[in-house]
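Structure first, then comments.
Each chain gets a letter, A, B and so on, in the order the sequences are listed, and its residues count up from 1. All values below were derived from every heavy atom in this structure, side-chain atoms included, with hydrogens, water molecules and symmetry-related copies excluded. This is a predicted model, so every value here is computed, not measured.
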There are 2 protein chains.
Amino acid sequence: MPGRCRKGAKKWWHNEFRGCGYRITIPRQIILEVLDKSEGHLSAEDIFLKVHKVYPAIGLATVYRTLELLVNMGLVFKFDFGDGRARYELARGAKEPSHHHHLICTNCGRIIDYTDFIDEEIELIKKTEKELSQKYNFAIKNHTIQFYGLCDRCSGDKK
Amino acid sequence: MPGRCRKGAKKWWHNEFRGCGYRITIPRQIILEVLDKSEGHLSAEDIFLKVHKVYPAIGLATVYRTLELLVNMGLVFKFDFGDGRARYELARGAKEPSHHHHLICTNCGRIIDYTDFIDEEIELIKKTEKELSQKYNFAIKNHTIQFYGLCDRCSGDKK
DNA sequence: TATGTTAATGGTAATCATTATCAATAAGAA
DNA sequence: TTCTTATTGATAATGATTACCATTAACATA
Ligand SMILES: [Mn+2]
Ligand SMILES: [Mn+2]
Ligand SMILES: [Zn+2]
Ligand SMILES: [Zn+2]
C-alpha cells in the first residue's frame, strides 16, 4: 500500500507548496489525497467527511482554508452549480490531465463531465484566448465552459 | 417619457408572463425595468436598492422571488463570480441581443463582458452543442463561458 | 538532534446571503 | 363589482462560509 509517510514518496504537489513557502502539513496532505482519490464535484462538507474518516482531528475550518489555498494556487477548481454550496475538483490529476467541461441539467441538477472535445474545440479555445489576451490586455490562466439544459431523464417531463 | 402605465405601452415581457399564467404585478414590472435600464452584474441587493428608489414598498424577499422566477423563465441569467453573492443580468435586452461571455480578474474581481466573438467562435459553439446534444442525449438551452486571469491593471503586481 | 519562530490548526462564535413563514393584499377572471 | 388565490412584505430561520484566538507543529537554524 502507498503509505502516506514512506521515505522518498514525495507527492507531486510538494514542490508547488515549497515554491510558495507554504508548509506541508498533515491536513493538507490528506485533503489533497482525498481530492485525488475521489471523483468530481465534492462540497467542502463532502471533503470534510471523507477527511474525517482518515484523520478525525482535522476540523471543518481547516478544510475550507485549505481549499481556498488550493484554489488560489490553481491546483483546484471551485464551481457553483447552483445548489447553494461550492463544489471543488482537482485541476490536474496526478495521472491523466483532467480538464473538462460541464453539462448541467437545470431540472434535476445532474452534472455530466465531458472531456471528449471535438477536434476544433481545443484549437478554438487557444485561438480565442490569444485574441482576447491582446485585445483586452488580459493574462488568461484558465477557463470554464458549461452548457445548461435538460438531461435525458428529464427531457421527457418538461418539453 | 415612457410612462409605466400608459395605455398600449405593453412591454415585451408581458406575453412571456401571460403564457406561463403568471400575474403581471407592479414589483415584477419595476424589477424588469431596473434590469433593463441598468447594465451588468447586479446583485439582489443592488437591484433591491434601485427598485426601492422607484417604489419603496417593494420588499427584498420579493426581489429574490422575482429573480428566481425570471431565471427559471430564462429571461435572466444568474452568475457566480466568486464574491459570495449571486449576480444577475437580463438574458436578452429589449434592443440589442446581449449574449456575451466573461473575462474575470482573479486578483481584483473585475469583470469584462465581451461580445465581439471571433468568427469561428459562434460557429463552434453551435457545432459543439449539436454534437453534445446527441452524444449525451442532452437538450442544451444555453451556455456560459468564462476566462479567468489577470486584468491589465493587475498583471503588473503578480507576475 | 534540540530549539525558536511563526504559519497553521481546531473549536466555536459570528456573519451574511438566501429561504421559509404567514397574515394581508391585489391581479385578473367572471 | 365580487371572488378566488397568486403574490406580497415583514420578519424569523437557515445554512454555508469566515473570523477569532489560544494552542500546536513545520521546519529553518544552530
Ligand atoms: Mn467536473
Ligand atoms: Mn456580463
Ligand atoms: Zn436532469
Ligand atoms: Zn484585476
Euclidean distance, atom [atom1] of residue [X] to atom [atom2] of [N] [Å, nearest integer]:
X: B:Arg28; N: D:dG9; atom1: CZ; atom2: C1'; value: 14 Å
X: B:Leu32; N: D:dT7; atom1: CG; atom2: P; value: 14 Å
X: A:Tyr55; N: C:dA8; atom1: OH; atom2: C1'; value: 13 Å
X: A:Ile31; N: C:dG10; atom1: CD1; atom2: P; value: 8 Å
X: B:Gln29; N: C:dA26; atom1: CD; atom2: P; value: 15 Å
X: B:Asp46; N: C:dT18; atom1: CG; atom2: P; value: 11 Å
X: B:Ile30; N: C:dA26; atom1: CD1; atom2: C1'; value: 14 Å

Short side-chain to backbone donor-acceptor contact, A:Ser133 and A:Phe138, under 3.5 Å: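 Yes; at least one donor-acceptor contact below 3.5 Å.
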Side-chain heavy atoms under 4.5 angstrom apart, residues restricted to Ile, Leu, Val, Met, Phe, Trp, Tyr: same cluster for [X] and [Y]?
X: B:Ile31; Y: B:Phe77; answer: no
X: A:Ile104; Y: B:Val71; answer: no
X: A:Tyr136; Y: B:Tyr148; answer: no

A:Glu16 side, atom CD; A:Lys11 side, atom NZ - distance, nearest 0.5 Å: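 One gets 15.0 Å once the value is rounded to the nearest 0.5 Å.
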Atom pair OG1 (A:Thr115) and NE2 (A:His100), whose distance is rounded to the nearest 0.5 Å: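 A:Thr115 OG1 to A:His100 NE2: 8.0 Å, rounded to 0.5 Å.
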Closest non-hydrogen atom pair between B:Ala91 and B:Gly74, with its separation: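 Smallest interatomic distance, heavy atoms only, reads CB-O, 3.5 Å.
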pair B:Ile30-B:Ile26: side-chain heavy atoms closer than 4.5 Å: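 Yes - at least one pair of side-chain heavy atoms lies under 4.5 Å apart.
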Angle between terminal axes - the helix from C:dT1-D:dA30 to C:dA30-D:dT1, 5 pairs each end, rounded to 10°: 50°
So which protein N/O to nucleotides 27-30 of chain C N/O distances come out below 3.5 Å?
unit_1	atom_1	unit_2	atom_2	d
C:dA27	N3	B:Arg23	NH1	3.0
C:dG28	OP1	B:Ile24	N	2.7

Ring geometry between A:Tyr114 and A:Phe147 (parallel below 30°, tilted from 30 to 60°, perpendicular above 60°):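 Tilted.
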Geometric class of the B:Phe81/B:Phe79 ring pair [parallel <30°, tilted 30-60°, perpendicular >60°]: parallel
DNA chain C contacts among residues 59-75 of chain A, heavy-atom distance under 4.0 Å: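 By residue number: A:Gly59, A:Ala61, A:Thr62, A:Arg65.
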Side chain to side chain donor-acceptor pair (under 3.5 Å) against B:Tyr64, all qualifying residues, sequence neighbours excluded: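 Partners of B:Tyr64 by the side chain to side chain donor-acceptor pair (under 3.5 Å) criterion come out as none, since no residue qualifies.
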Contacts of type side chain to side chain donor-acceptor pair (under 3.5 Å), residue A:Asp46, not counting sequence neighbours: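 Side chain to side chain donor-acceptor pair (under 3.5 Å) check on A:Asp46 returns A:Ser43, A:Arg87.
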Near-strand residues of residues 77-85 of chain A, defined as heavy-atom separation under 4.0 angstrom from DNA chain D: A:Gly84, A:Arg85
Evaluation steps, salt bridge (Lys or Arg N to Asp or Glu O under 4.0 Å), between B:Asp80 and A:Lys78: CA-CA 11 Å; B:Asp80 169 47; A:Lys78 181 179 184 178; over 6 Å; no
